[in-house]
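Computed from a predicted structure; not experimentally measured. All values below come from the heavy atoms of this structure, side chains included, with hydrogens, waters and symmetry mates left out.
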Amino acid sequence: MLALVSEPISSSPPVGVRPHSGEIMIRRISAGLIAATLSLGMVSLLASCSSLTSSSGKDKIFLDLSYSGNNWQDEGANLAMSIATSPEVTAEYDVRKVISGADVLKQISDIQSMIAVGAKLVVLYPISPTALGPVIQQGCDAGVVFVAYDGTVEAPCAWNLSYITGAKVDNPQEAFFGAQTAQALVDIMGGQGKIMMNRGVAGTSTDTVHYDTAKSVFDQYPGIDIVSEYYGNWDSSVSQQETSKALAAHPDVEGIWSQAGEDGVVKALEAVNKRIPVTGENSNYLREKLSEGWPGVSSGSPPAQGAVAVKIGLEILKNGRDSIPKNIEMPLPWVTTETAKVCPGSEFVDGCNFFADADDSFVTEIFQQDLLPESSYTAATTVDPVPALSALPPLGKFTQPESRRSYTRSACDDGWVAGEVDGGQTPPGLPGCVSQ
């Protein structure tokens with residue numbers, strides 16, 4: 001049976017935390033404080049471990065989350081647990097869920113407790129790409145497999161699964177959410193017009209990557225005039241409020257590029273009876289509007305990553321550490337006005353990609369044809385175990401190119417150096433890694 005250990009720090013993401021980026025604004029943790037956490041007193045460690053122990057005798061798998069209470073996080077956790085609690089998994093493993101909250105020291109402590117009770121696999125939504133490095137290495141030395149999803153970790157022994165540098169399935173050269181949605185907006189507008197940019201949380205690397213790659217496209221078109229930039233904080237309500245303010249100052253705007261919170265952007269436009277192109281992320285509301293003819297594109301971070309990460313971890317446990325590449329990109333979803341299609345029920349069938357009865361802010365990307373065909377709306381909302389798991393396909397086409405490694409590992413691989421990537425990627429000229 002499934003054992004749940006939930007220790008929430010907050011029911012909603014704190015200011016400065018992306019609802020689906022795995023990143024905290026304050027990323028610097030003193031070395032001394034981390035060292036102190038890694039050398040917890042035995043009494044404290046035993047107290048923490050006591051809640052994680054089991055008498056089943058089975059090997060242990062842990063799903064370690066940051067926070068709960070947000071659609072993206074909840075859907076990702078539900079999908080991950082629906083895979084982890086399938087009959088074939090629970091027959092062999094004792095599966096636990098731990099919510100570490102938004103405190104990186106709490107996540108470090110939780111992971112150390114998992115190591116102490118003999119975890120075989122930890123699938124985690126990392127709070128920090130750097131601060132978790134020592135405890136992850138400690139676990140790797142003890143034989144634990146770590147798979148990070150959406151957010152990434154720099155620890156070389158861990159596996160990363162993330163969309164942040166992901167490319168379209170049908171064209172692996174067209175990478176990066178920011179660049180591709182910017183190009184789509186330019187194309188819809190014919191390379192001319194006034195636009196606004198709804199950014200994420202100021203100072204986060206995810207916002208920076210999205211913004212910089214989008215700007216690299218907009219800057220190529222003299223006819224594109226960016227009249228306003230503002231921060232919607234990846235939040236629907238904030239995005240609606242900030243878009244309304246920007247519209248009051250720029251009523252003649254002709255297009256909006258948006259990160260998460262795009263459903264709020266559309267609602268702000270509707271409030272002033274304005275229908276202009278919008279590119280954004282994966283809210284059910286945007287896709288509903290696209291299906292009604294609203295010009296734009298829906299793309300962004302899929303909650304399905306959590307479930308795919310569990311499948312990757314299970315594959316490693318079954319077939320060894322060399323069976324799966326260390327750096328895997330989640331494909332960049334892509335839904336347009338022409339392809340938006342409502343699903344007749346709770347399954348993705350016949351090319352449908354949003355749900356008639358879902359909340360406006362429901363994040364629709366809960367399915368991936370190659371990596372997660374067993375997903376469903378029911379699994380994303382109820383944690384019902386998947387009856388049977390589908391096998392992962394060969395992951396060669398999902399392996400992150402070395403040229404994009406610095407975005408997720410903060411360094412280039414051996415034989416590669418930092419530079420502008422001009423070949424094999426659209427748009428050319430973005431910072432990355434080039435072969436020596």
Side-chain angles (χ1 to χ4, degrees), residues 13 17-24 61-68 70-84 89 95-100 102 104 107 110-111 114 119 121-130 132-133 136 139 144-155 157-166 177 205-206 209 260 281-282 300-317 324-333 363 365-368 370-372 374-375 379-380 383 389 392 395 398-400 404 407-409:
V17 180
R18 176 180 172 109
H20 54 271
S21 71
E23 175 177 37
I24 302 298
I61 292 175
F62 289 93
L63 176 62
D64 184 19
L65 305 178
S66 172
Y67 50 83
S68 62
N70 152 298
N71 273 11
W72 192 98
Q73 285 282 2
D74 290 348
E75 292 170 36
N78 290 344
L79 289 169
M81 292 304 291
S82 73
I83 296 295
V89 178
V95 181
R96 310 292 188 89
K97 180 175 75 173
V98 175
I99 300 178
S100 292
V104 68
Q107 189 167 40
D110 286 341
I111 292 172
M114 297 170 200
L121 169 65
V122 176
V123 175
L124 71 154
Y125 181 92
I127 298 172
S128 167
T130 54
L132 298 177
I136 288 176
V144 184
V145 172
F146 289 90
V147 182
Y149 70 92
D150 193 56
T152 58
V153 294
E154 296 177 11
C157 65
W159 280 258
N160 279 333
L161 168 69
S162 181
Y163 91 105
I164 192 172
T165 62
F177 163 83
S205 64
T206 301
V209 170
E281 297 209 25
N282 301 313
S301 178
Q305 289 174 102
V308 176
V310 173
K311 293 179 69 173
I312 287 171
L314 292 170
E315 182 76 12
I316 296 167
L317 292 180
I324 298 288
K326 281 286 181 69
N327 302 283
I328 306 168
E329 288 182 338
M330 196 73 178
L332 190 65
V363 187
E365 281 298 320
I366 59 174
F367 171 85
Q368 211 289 322
D370 296 311
L371 301 174
L372 197 65
E374 60 267 63
S375 182
V383 206
L389 302 186
L392 285 172
L395 294 179
F398 301 105
T399 302
Q400 182 190 54
R404 301 200 278 266
Y407 288 94
T408 53
R409 298 286 185 177

Can Y407 and V209 be said to form a side chain to side chain contact (heavy atoms under 4.5 Å, CB included), step by step?
CA-CA 8 Å; Y407 288 94; V209 170; 3.7 Å; yes

Shortest non-hydrogen pair, P302 vs P331, comes out as CG-O, 4.3 Å

Is there a side-chain contact between D110 and F62 (heavy atoms, below 4.5 Å)?
no

Consider side-chain contact (heavy atoms from CB on, under 4.5 Å). Of I366, V308, L389, L392, which one does L372 pass it with?
V308

To the nearest 0.5 Å, tell me how far I312 CD1 sits from W159 CH2.
10.5 Å

If I compare all heavy atoms of G300 with all of N282, which pair ends up nearest, and what's the gap?
C-ND2, 3.2 Å

Within this structure, what is the OG-CD distance for the pair S162 and Q305, rounded to the nearest 0.5 Å?
5.5 Å

For the atom pair OG1 (T165) and CD (E329), what is the distance rounded to the nearest 0.5 Å?
3.5 Å

Which residue, K326, Q400, R409, forms the side-chain contact (heavy atoms from CB on, under 4.5 Å) with N160?
R409

Nearest 0.5 angstrom please: I328 CD1 to T152 OG1, how far?
13.0 Å

Please name the pair of heavy atoms, one in E154 and one in T130, separated by the smallest distance, quoted to 0.1 Å.
OE2-CG2, 3.3 Å

Is there a side-chain contact between V89 and V310 (heavy atoms, below 4.5 Å)?
no

Side chain E281, main chain A260, donor-acceptor under 3.5 Å:
yes

Restricting to non-hydrogen atoms, name the atom on A309 and the atom on V123 that form the minimum distance, rounded to 0.1 Å.
CB-CG1, 3.7 Å

Using every non-hydrogen atom in the two residues, find where G313 and V147 come nearest and quote the distance to one decimal.
CA-CG2, 4.0 Å

Sequence neighbours excluded, which residues qualify as salt bridge (charged side-chain N to carboxylate O under 4.0 Å, His left out) partners of E75?
none

Would F146 and L132 count as a side chain to side chain contact (heavy atoms under 4.5 Å, CB included) here? Give the steps.
CA-CA 11 Å; F146 289 90; L132 298 177; over 6 Å; no

Can you tell if the side chain of N78 reaches within under 4.5 Å of the side chain of P303, non-hydrogen atoms only?
no

Can you find a pair of side-chain heavy atoms, one from L371 and one from M330, that are under 4.5 Å apart?
yes

Could you give me the CA-CA distance, side-chain angles and deciding distance for Q107 and D64, then say whether side chain to side chain contact (heavy atoms under 4.5 Å, CB included) is met?
CA-CA 8 Å; Q107 189 167 40; D64 184 19; 3.2 Å; yes

Check: W72 and D150 side chains under 4.5 Å, non-hydrogen atoms
yes

Just so I know, are the side chains of I111 and V98 near enough to count as touching, which here means a heavy-atom distance under 4.5 Å?
no

If I take atom CG from residue L121 and atom CD from residue E315, how far apart are they, to the nearest 0.5 angstrom?
12.0 Å

Is there a side-chain contact between F177 and T206 in this structure, where contact means two heavy atoms from C-beta onward sitting under 4.5 Å apart?
no

CE (M114) and CD1 (I61) are apart, to the nearest 0.5 Å, by 12.5 Å

Provide the closest heavy-atom pair for I136 versus A155 in the form atom of the first, atom of the second, distance.
CG2-CB, 3.7 Å

